[in-house]
Amino acid sequence: MNKVVNNVEEALQGLQDNMTIMLGGFGLCGIPENSIGQMVKLGIKGLTCISNNAGVDNFGLGLLLQEKQIKKMVSSYVGENDEFERQMLSGELEVDLIPQGSLAERCRAGGAGIPAFYTPAGYGTEVAEGKEVREFNGKPHILESALTADFAIVKAWKGDTEGNLIFKATARNFNPMMAMAGKITIAEVEELVPAGELDPNEIHTPGIFVQRIFKGEKFEKRIEQRTVRQKS
Amino acid sequence: MSLDKTGIAKRIAQELRDGWYVNLGIGIPTLVANYIPQGIEVEFQSENGILGMGPFPFDGEEDADLINAGKQTITALKGAAYFDSATSFAMIRGQHVQLTVLGAMEVSQNGDIANWKIPGKMVKGMGGAMDLVASADNIIVAMMHANRAGASKLLKACSLPLTGVNCVRKVVTNLAVMDIKDGKFHLVERAPGVSVEEIVAATEGELVVPENVPEMVLDVVRC
């Protein structure tokens, strides 16, 4: 089944104000930067964004924050972003902080038809407030519910016309689970190839989870913390 | 003399054992990778999705797609593996990682840890810390004994929002190595030149002091 759309404009059709959007990536690594750019252009507002991080001030989801397009962030770590902090402390932005592993599993569960699951993460902390606690093997766990989204937007290294995806290195991160959990999943890829060119043994995300795929026009791939050593 | 951050990392490195998979947090814990004792093999997991994390890349060879959980550019060693975030935390929650080393703002005598939030001041989020401390059997906290204001970080009870309860087993600070058991800190070793009295004075929580408290031995070459 051909999932290819021509460009980011077509890919994001139907994305409207007040929707819940999942966006793949960890820090600035593996984020769908073309789609984020288009969301800024479209000026869609009131968004609930589920993403492990919130970008930096002038890149990634930080661009949507600057335009005040995000109503609520669901994340595990939101440091490195002054505008985020300002909006959160002033109450303009709702924030739901979730342990990283629980966030990943809640997305996976959402895509896998598992409505909720127990995890030890967050027991005894404010994350557990209002959640059911149950002991398994003598250890307390809390009940966490699945997450889904109107749109999931992921970024892959290679994709084919069927929507099969291969990610590169640690740019995989949240992308596969979010691809599963979107009612409509959009994949932006660096290389888009005809069906048959990717080895089926090496597919990370099978095309069944992807509704639209397009080749991103430009990937800046900004590095958040450039750490190097010198050749001695 | 109390230890600097490097000293704390060196002492924690002595806790590494052959064949372990290890998750190192941001800050002092990251330095532990520089002092793996000779003759043992450990593999580092970074929760954003790599096993077999290597050193920083050479200048000019950095890859935006290859970072650690601190968002720093890294390299992958021979035999490394990449995986998604759900798989990564399956490794952690499923107790396939033998040791977690992380920093803390406060640790209590029953092993509670606070390291993610200062109400009204700092709200960056917990990242993977809550999953790590809730699941790992072997958690070592690396931190300074006192905070910047000079107050003890080893407390009867944490005052900051908790990251996890009853989970820390060992704390290595600039002054001492302490185990946590039976709801108390137990002094195990003191930093070179640091007296037991200094450690007692710097510890707000209940501290059990054995008759003999050996001084740490750093820079041992093991074969």
[X], part contacting chain B, at a heavy-atom distance under 4.5 Å:
X	answer
A:Val127	side chain
A:Asn53	side chain
A:Leu28	neither

Identify which of [options] forms the greatest number of heavy-atom pairs closer than 4.5 Å to chain B.
options	answer
A:Pro176, A:Gly30, A:Ala169	A:Ala169
A:Arg108, A:Met177, A:Arg222, A:Glu105	A:Met177
A:Ala104, A:Gly79, A:Gly101	A:Gly101
A:Met88, A:His141, A:Arg172	A:Arg172
A:Ser75, A:Pro140, A:Ala171	A:Ala171

Which atom pair, heavy atoms only, marks the closest approach of [X] to [Y]?
X	Y	value
A:Pro120	B:Ser135	CG-OG, 3.9 Å
B:Lys71	A:Glu224	CG-OE1, 3.7 Å
B:Thr73	A:Ile223	CG2-CG2, 3.7 Å
A:Cys29	B:Ile67	CB-CD1, 3.5 Å
A:Val78	B:Val123	CG2-O, 3.8 Å

Query raised in the report: Any donor-acceptor pair under 3.5 Å linking the side chain of B:Asp131 with the backbone of A:Ser102?
Result: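 A pair under 3.5 Å: yes.
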
Should we count [atom1] of [X] as having more than 12 external heavy atoms under 6.0 Å?
X	atom1	result
A:Glu191	CD	yes
B:Ile40	CD1	yes
A:Lys221	NZ	yes
A:Tyr118	OH	yes
B:Lys5	NZ	no
A:Tyr77	OH	yes

Query - Charged N-O contact under 4.0 Å between A:Lys168 and B:Asp63 - result: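 Salt bridge between A:Lys168 and B:Asp63, a charged N being under 4.0 Å from a carboxylate O: yes.
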
Requested in this report: May I ask you to decide whether B:Lys121 forms a salt bridge with A:Glu85, counting only side-chain N to carboxylate O separations under 4.0 Å?
Outcome: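 Salt bridge: no.
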
Query raised in the report: Who wins among B:Gly60, B:Gly49, B:Ala86 for the most heavy-atom pairs under 4.5 Å with chain A?
Result: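 Sorted descending by pairs with chain A, the first entry is B:Ala86.
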
Query raised in the report: Between B:Ser46, B:Gly70, B:Gly128, B:Pro57, which has the largest tally of heavy atom pairs under 4.5 Å with chain A?
Result: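 Most heavy-atom pairs within the cutoff with chain A belong to B:Pro57.
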
Between [X] and chain A, with a heavy-atom cut-off of 4.5 Å, which part of the residue counts as in contact: side chain, backbone, both or neither?
X	result
B:Ala69	both
B:Phe89	side chain
B:Glu61	side chain
B:Asn166	neither

**Report entry** From A:Thr170 atom OG1 to B:Ile74 atom CD1, the distance as rounded to the nearest 0.5 Å
**Finding:**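 CD1 of B:Ile74 is found 6.0 Å from OG1 of A:Thr170.
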
Query raised in the report: What's the spacing between B:Met126 CE and A:Leu97 CG if we round to 0.5 Å?
Result: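 So the gap between those two atoms works out to 5.0 Å.
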
Taking the side chain as every heavy atom from C-beta outward, state whether [X] and [Y] have any pair of such atoms under 4.5 Å apart.
X	Y	result
A:Glu190	B:Asp65	yes
A:Glu126	B:Lys117	yes
A:Lys231	B:Asp59	no

Report task. Return each pair, listed once, that meets side-chain hydrogen bond (donor to acceptor under 3.5 Å, both in side chains) where at least one residue sits in residues 77-87 of chain B; pairs must be two or more places apart or across chains. Result ->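 Listed once each, the pairs are B:Asp84-B:Thr87.
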
Requested in this report: Report yes or no: is the cationic atom of A:Arg229 (NZ for Lys, CZ for Arg) under 6.0 Å from the centre of the six-membered ring of B:Phe58, at an angle within 45° of the ring normal?
Outcome: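 Yes, A:Arg229 and B:Phe58 form such a contact.
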
